[in-house]
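Counting convention: from 1, in listed order, for ligands and their atoms alike.
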Amino acid sequence: MPRTKEPETWGRSTVRTACPLDCPDSCTLEVTVEKARIVKMDGGDANPATRNYICAKVRRFPERVYGEDRLLYPAIRKGAKGQGTYTRVSWGEALDHIAARMREIREQHTAEAILPFCYGGSNGLLTQDTNDAALFRAFGASRLARTVCAAPTGAANQALYGKMPGVTYQDYVHARLIVLWGVNPSASGIHLVPFLKEAREAGAKLVVIDPRATSLARQADLHITTRPGTDLPLALAIHRHLFENGHADQAFIEAHTTGAEQLRSRAAEWTFERAADICGVDAATVRQLADMYVAARPALIRCGWGLERNRNGGSAAAAVMALPAVAGKFGIRGGGFSMSNSSAWGIKAAAWMDETPEPQTRLVNMNHLGRALTEYDSPPVKMLFVYNCNPVATMPDQHRVLEGLKREDLFTVVYEQVFTDTCRYADVVLPATTFVENYDIAKGYGPISLQLVQRVIEPVGEARPNAEVFSELAERLGVGAAEEETDTLLRIISKLPPGIGAELSASGIAAPPFEGAPVQFVDVFPLTPDRKVNLFPETLDHGAPAGMYGYRADPATDEYPLALISPASEKTVSSTLGELRERAAVLQMNPTDAAARGLSTDDPVRVFNALGEVHCPVGLNKDIRPGTVALSKGLWRKSTYNGFTSNALVPDTLTDLGGGACFNDARVQVASLGRH
Ligand SMILES: Nc1nc2c(c(=O)[nH]1)N[C@H]1C(S)=C(S)[C@@H](COP(=O)(O)OP(=O)(O)OC[C@H]3O[C@@H](n4cnc5c(=O)[nH]c(N)nc54)[C@H](O)[C@@H]3O)O[C@H]1N2
Ligand SMILES: Nc1nc2c(c(=O)[nH]1)N[C@H]1C(S)=C(S)[C@@H](COP(=O)(O)OP(=O)(O)OC[C@H]3O[C@@H](n4cnc5c(=O)[nH]c(N)nc54)[C@H](O)[C@@H]3O)O[C@H]1N2
Ligand code: SF4
Ligand SMILES: [Mo]
């Protein structure tokens, strides 16, 4: 069983655990503790894919655990909303207060006026979809559609393949061609990088499709610098070439797919020239990509999340993931596609949540938080319970989110590790443990891995784990029983598929299915009802006028001609660890665009559109395509001059499939701010 806390030892010891942050890699960690304090966090070797090293940001995690922004005790708002002044209270008082307000709101407005709000936080199996979900279900709160990330790629993967597991890092070395499509592993999943290097040394060609020349793009055999949001025409042009020029694998299509004819007809209009024109690249480059893809076997496409964050994101991901089926690239080690592998274990929260069935209460799309807080009625949102999430920093339409959070009649609870930008608007702040202070189960979504997260140190201050706090609140509200965190852990372990729980308990890591490296169409097949690839999911063919695989035009205007993207930064995981950023974030801009505006490096600029404006320094960077500018995702408000981040410029429009966020559909203008 998991190690229970030994009496405090003052010697030096090392504890093996795992990183549950929202990152595909899910590293094994070795955490060194001295005098009951963490002195070092480094890599361990249990997860073969993460090879004994970790990222620089998690090496700095102790600065979060013991940092000045850490929340140490529960507190209740004292001054005006947004002022950020609080009085310390006990846990008992805080939970009594919350329970009383929840009852009151239910009586006056129905429980649907309560909106739980959570996302990635610590991404383990314990920190979400357990006692939190049970409480809100049993109480009858509104439900949250957790769509801020992976909703379009998830919808596409589900519809086409039923989320069939993908090629894992270990097998990249077998590929002859690797296409990194809208993904930047140098920041967002660093353990893939050495596998890419090995593959290239073994002769694989590398293609990168990205509006920025990332460091991998600079090393690639081919870099296609597409305009953001244009991957759909690019992928359809390759489909057209495959179908029209005899490169489609008819035998595979016949045996393993449905909907090929419809896909073919939607692709028919996308000649190389027409696609190239929309993508802002040469037709010859598109043809080169198609030729390389046709010629290579095994050929592997790593589909990332950069391509989903726009109005065409779902269809784009579907068209990209359909390529190996049409081109006949499956059935060989190192061939096929990689997407999220989070479903590879077949673990579903339903296994332990069935005791509390989900009520059919109002479903709120989290990307519409601002709208929900300012517009929804019958009932209005009267209480927001935020946990595992920092919506002020991470949700679209930041101004509207803030406007909603400022409502005096909104009761907001923020349950957090550090005093985030969202905490500032809370009526009650609750301190949460970090993953070195609680148990969890970390599930990788790049490599297929499942590891136990250990409680390495005692909670700092009065911080408490999610499992305990939500069950205690449920008990106060008469809809559940308080549960110790270890009991929740044991309950979940007992509901894992046979054998897995025992392995986790015994050794802290479970042996992955297919030895962690399944071959698509040899070891794993589509998990769709008919076990075929559904190349044209009819149920998704909506959203007139475009429909499935229909291209929606770029939202740029003469007034706001630049596409603003906000890629993952190596310094944070979304906004987690954003408190440690010291300097102002820099807007990356191509020198041509800067020259046209009379801007030089470090000039303070206004980045603006009809939704808002961001003030920050500009950096001239030839690695970003003209017409596109970039500001990192996950910035805290303190990281710009005026306290707004790219999300102040991001519309809350939704993607074509899955109701996802259109972060990269922000269209902006940039001008000098004058002296700062
Ligand atoms: N260090 C670090 N690691 C992380 C995260 C983090 O914040 N920091 N976040 C984690 C999370 S939550 C996620 S979802 C993943 C995301 O990881 P990635 O899939 O890498 O996602 P992004 O960084 O959003 O975008 C990847 C690349 O897509 C490019 N891009 C932007 N728009 C487009 C487009 O329309 N088409 C194409 N082809 N490319 C485009 C960007 O320039 C960027 O280089 O990373 C996870 N890992
Ligand atoms: N502009 C722009 N914005 C984006 C994106 C983009 O591309 N562009 N990408 C989006 C993506 S990919 C994602 S995944 C979202 C992520 O958005 P969020 O879900 O808001 O993720 P984080 O910013 O990591 O914030 C998670 C918070 O949960 C807290 N937390 C961690 N563990 C626990 C716990 O055990 N208990 C409690 N109570 N709290 C905990 C952390 O301290 C942290 O503040 O952001 C999105 N935002
Ligand atoms: S954030 Fe990713 S790379 Fe960093 S330690 Fe965690 S799993 Fe490993
Ligand atoms: Mo994400």
NZ/NE/NH1/NH2 to OD/OE distance under 4.0 Å, R227 and D554: no
So for D231 against ligand 1, with non-hydrogen atoms under 4.0 Å, the contacting part is side chain
Counting heavy atoms under 4.0 Å, the part of C149 that contacts ligand 1 is side chain
For atom 4 (Fe) of ligand 3, the protein heavy atom that lies nearest, with its residue and separation: C55 SG, 2.3 Å
So is Y387 polar-close to ligand 2, meaning N/O to N/O under 3.5 Å? no
Can you find an N or O of N390 that's nearer than 3.5 Å to an N or O of ligand 2? yes
Using a cut-off of strictly less than 2.8 Å, determine whether C19 has an N/O/S atom near atom 6 (Fe) of ligand 3. yes
Polar contact flag, side-chain donor to acceptor under 3.5 angstrom, S574-Y119: no
Once you restrict to heavy atoms under 4.0 Å, what part of S26 touches ligand 3? Side chain, backbone, both or neither. backbone
Hey, does the side chain of D22 reach the backbone of N123 with a donor-acceptor pair shorter than 3.5 angstrom? no
Atom 32 (N) of ligand 2 has as its nearest protein heavy atom S122 OG, 2.7 Å
Record the part of A630 in heavy-atom contact with ligand 1 below 4.0 Å; permitted values are side chain, backbone, both and neither. neither
What part of K57 sits under 4.0 Å from ligand 1 if we count only heavy atoms: the side chain, the backbone, both or neither? side chain
Fit a plane to each ring of Y445 and W305, take the angle between them on a 0 to 90° scale, and name the class: parallel (under 30°), tilted (30 to 60°) or perpendicular (over 60°). perpendicular
Starting from atom 10 (C) of ligand 2, find the nearest protein heavy-atom neighbour and note its residue, name and distance. F663 CE1, 3.6 Å
Please work out which of R212, E570, R309 has its closest non-hydrogen atom nearest to atom 16 (C) of ligand 1. R309
I'd like the name of whichever of P211, G182, A217 reaches closest to atom 30 (N) of ligand 1 through any heavy atom. P211
protein heavy-atom neighbour closest to atom 23 (O) of ligand 2 works out as S575 OG, 2.5 Å
Run down the list E308, Q417, E416 and name the one with the heavy atom closest to atom 43 (C) of ligand 2. E416
Distance alone, cut at 3.5 Å: any donor-acceptor contact between the side chains of N184 and D210? no
With a 4.0 Å cut-off on heavy atoms, is S646 touching ligand 2? yes
Of the protein's non-hydrogen atoms, which lies at the shortest distance from atom 36 (N) of ligand 2, and what is that distance? N466 OD1, 2.7 Å
Backbone, side chain, both or neither: what part of N664 comes under 4.0 angstrom of ligand 1, heavy atoms only? side chain
Any N or O on N388 sitting closer than 3.5 Å to an N or O of ligand 2? yes
Given that the side chain starts at C-beta and the backbone is N, CA, C, O, which of these parts of R64 lies under 4.0 Å from ligand 2, counting heavy atoms, or is it both or neither? side chain
Test of proximity, C389 against ligand 2: N or O pairs below 3.5 Å: yes
Short N/O/S contact of C27 with atom 4 (Fe) of ligand 3 (below 2.8 Å): no
Closest approach of any protein heavy atom to atom 12 (S) of ligand 2, naming residue and atom: K633 NZ, 3.2 Å
Run the contact test for R227 against ligand 1 with a 4.0 Å cut-off on heavy atoms, strictly below, and give the result. no
Is there a nitrogen or oxygen of G120 sitting under 3.5 Å from a nitrogen or oxygen of ligand 2? yes
Number the atoms of ligand 2 from 1 as they appear, then name those within less than 4.0 Å of a heavy atom of T420, with their elements. 44 (O)
May I ask whether G634 places a heavy atom under 4.0 Å from ligand 1? no
Using heavy atoms and a threshold below 4.0 Å, how should the contact between T214 and ligand 1 be classified: side chain, backbone, both, or neither? side chain
Output the list of atoms in ligand 3 that are nearer than 4.0 Å to some heavy atom of V58, sorted by atom number. 1 (S), 4 (Fe), 5 (S), 6 (Fe)
What do the steps show when you test D665 against R552 for salt bridge (Lys or Arg N to Asp or Glu O under 4.0 Å), and what is the final call? CA-CA 11 Å; D665 273 347; R552 291 152 175 85; over 6 Å; no
Heavy-atom nearest neighbour in the protein, as seen from atom 8 (N) of ligand 2, with distance rounded to 0.1 Å: S566 OG, 2.8 Å
Looking only at protein heavy atoms, which one is nearest to atom 1 (N) of ligand 2, and how far off is it? N647 OD1, 2.7 Å
Just need the protein heavy atom nearest to atom 2 (Fe) of ligand 3, so name the residue and atom and give the distance. C23 SG, 2.3 Å
Report yes or no: do D25 and T50 form a side-chain donor-acceptor pair below 3.5 Å? no
Nearest neighbour in protein (non-hydrogen) for atom 35 (O) of ligand 2: T127 CG2, 3.3 Å
Would D22 count as being in polar contact with ligand 2, using the rule that some N or O on each side must be under 3.5 angstrom apart? no
